[in-house]
Amino acid sequence: MFLNALLTIYRLSFVILFCRTEADFIKEVVEDISTKLKRETLCDLKGMVGIESRIEQVESLLSTNDWKGVCTVGIWGMGGIGKTTLAKAVFNRLSSKFEASCLLNNVREKVEQTDGVNQLHKTLLREILKEEYLSLDKKNVKERLGRTKVLIVFDDVSDWRQIKDLVGDYEDGSRIIVTSRHWGVLKKAVSDEKYIYEVQRIKNDDALRLFQLHAFKDNSP
């Protein structure tokens, strides 16, 4: 975490020499570090029984050496089984290692709203490039995205067409996570089925621990 903060300061130090005031420079550094600290705080897994091993399995898929470009991993399972919780936990743990990150919740629900797809575009560009009113169709925007190493989560996707225009040519090393109830959607999102992680039902021992935790407010038998 401290190393990431130093790298941020080093990278931004060049900006002040050209077009930014010292106040702008300090503000950007503070905002960047605050964001990373907030993400570290969100990594608290207290009460999430049995999730640690699942996080490690998804991380192992994301860290594969088979990929030279952008790696996409799918998380599959029935509704309510914990796909979103798992994706968020992985996102919060890994996002500080990327230049930019974005978690798009409830994609299926949002695309059904008026101008939903366009709003997803705007959110993605705002989170990654830190600017408002950008268009994904502009050449310079696509070039900037292509130079950015990103971590993106598309949560609850019911149709691959909902996000295919959002999965751009990002910098090598970028990672994308797609959660869905539909196996067919994830088959189109990833290059190989081995990159689809199936969320299994909670094990009996973990289910008992979860019951004890909520029923008796502790972890003792």
How close do Phe98 and Gly173 get, counting heavy atoms only, and between which atoms? CE2-O, 3.5 Å

Would you call Arg93-Glu52 a salt bridge at under 4.0 Å N-O? yes

CA sep, side-chain torsions, deciding dist, call: Tyr195, Thr72, side chain to side chain contact (heavy atoms under 4.5 Å, CB included): CA-CA 7 Å; Tyr195 295 108; Thr72 301; over 6 Å; no

Is there side-chain contact between Glu59 and Leu94, with at least one heavy-atom pair below 4.5 Å? yes

OG1 of Thr123 to NZ of Lys110, rounded to nearest 0.5 Å, is 6.5 Å

Backbone N or O of Val150 within a donor-acceptor pair of the Thr148 side chain at under 3.5 Å? no

Quick check: does any side chain N or O of Glu99 sit under 3.5 Å from a backbone N or O of Lys149, one acting as donor and the other as acceptor? yes

From His121 atom NE2 to Gln119 atom CD, the distance as rounded to the nearest 0.5 Å: 11.0 Å

Does the pair Val73 and Val190 meet the rule for a side chain to side chain contact (heavy atoms under 4.5 Å, CB included), with working shown? CA-CA 6 Å; Val73 168; Val190 305; 5.6 Å; no

Gap separating the CD1 atom of Ile176 from the OH atom of Tyr170, nearest 0.5 angstrom: 6.0 Å

Would you check if Phe91 and Ile177 make a side-chain contact, meaning some heavy-atom pair closer than 4.5 Å? no

Looking only at heavy atoms, what is the nearest atom pair of Val178 and Leu186, with distance? O-CD2, 3.4 Å

Please check this pair: side chain of Lys83 against backbone of Gly77, looking for a donor-acceptor N/O pair closer than 3.5 Å. yes

Just wondering, do Lys187 and Trp160 contact through their side chains at under 4.5 Å, heavy atoms? no

Do Leu104 and Asp155 have side chains that approach each other closer than 4.5 Å (heavy atoms only, starting at C-beta)? no

Find out whether Trp183 and Val185 are in side-chain contact, i.e. whether some heavy atom of one side chain is under 4.5 Å from a heavy atom of the other. no

So, taking the atom named CZ in Arg108 and the one named CG in Asn105, what distance separates them when rounded to the nearest 0.5 Å? 12.5 Å

Would one find more than 12 heavy atoms of other residues, nucleotides or ligands at under 6.0 Å from atom CG of Asn118? yes

Within the 4.5 Å heavy-atom criterion, are Tyr197 and Leu86 side-chain neighbours or not? yes

Quick one: do Glu131 and Arg126 make a salt bridge, cutoff under 4.0 Å? no

Taking the side chain as everything from C-beta on, heavy atoms only, tell me whether Val117 gets closer than 4.5 Å to Gln162. no

At their closest point, which heavy atom of Ile81 faces which heavy atom of Val199, and how far apart are they? CD1-O, 3.1 Å

Are any side-chain N or O atoms of Asp156 and backbone N or O atoms of Val107, one a donor and one an acceptor, separated by less than 3.5 Å? no

Pair Glu56-Ser60, side-chain donor/acceptor within less than 3.5 Å: no

So CG of Asp169 and CZ of Arg147: to nearest 0.5 Å the spacing works out to 13.5 Å

What's the separation between atom CD1 in Ile128 and atom CG in Leu151, rounded to the nearest 0.5 Å? 9.5 Å

Could you tell me whether a side-chain N or O of Thr179 sits under 3.5 Å from a main-chain N or O of Thr84, the two making a donor and an acceptor? no

Where His182 and Val157 come nearest, the two heavy atoms and their spacing: CD2-O, 4.2 Å

Does Arg181 offer a backbone N or O that forms a donor-acceptor pair with the side chain of Trp76 under 3.5 Å? yes

Are any side-chain N or O atoms of Ser174 and backbone N or O atoms of Glu171, one a donor and one an acceptor, separated by less than 3.5 Å? yes

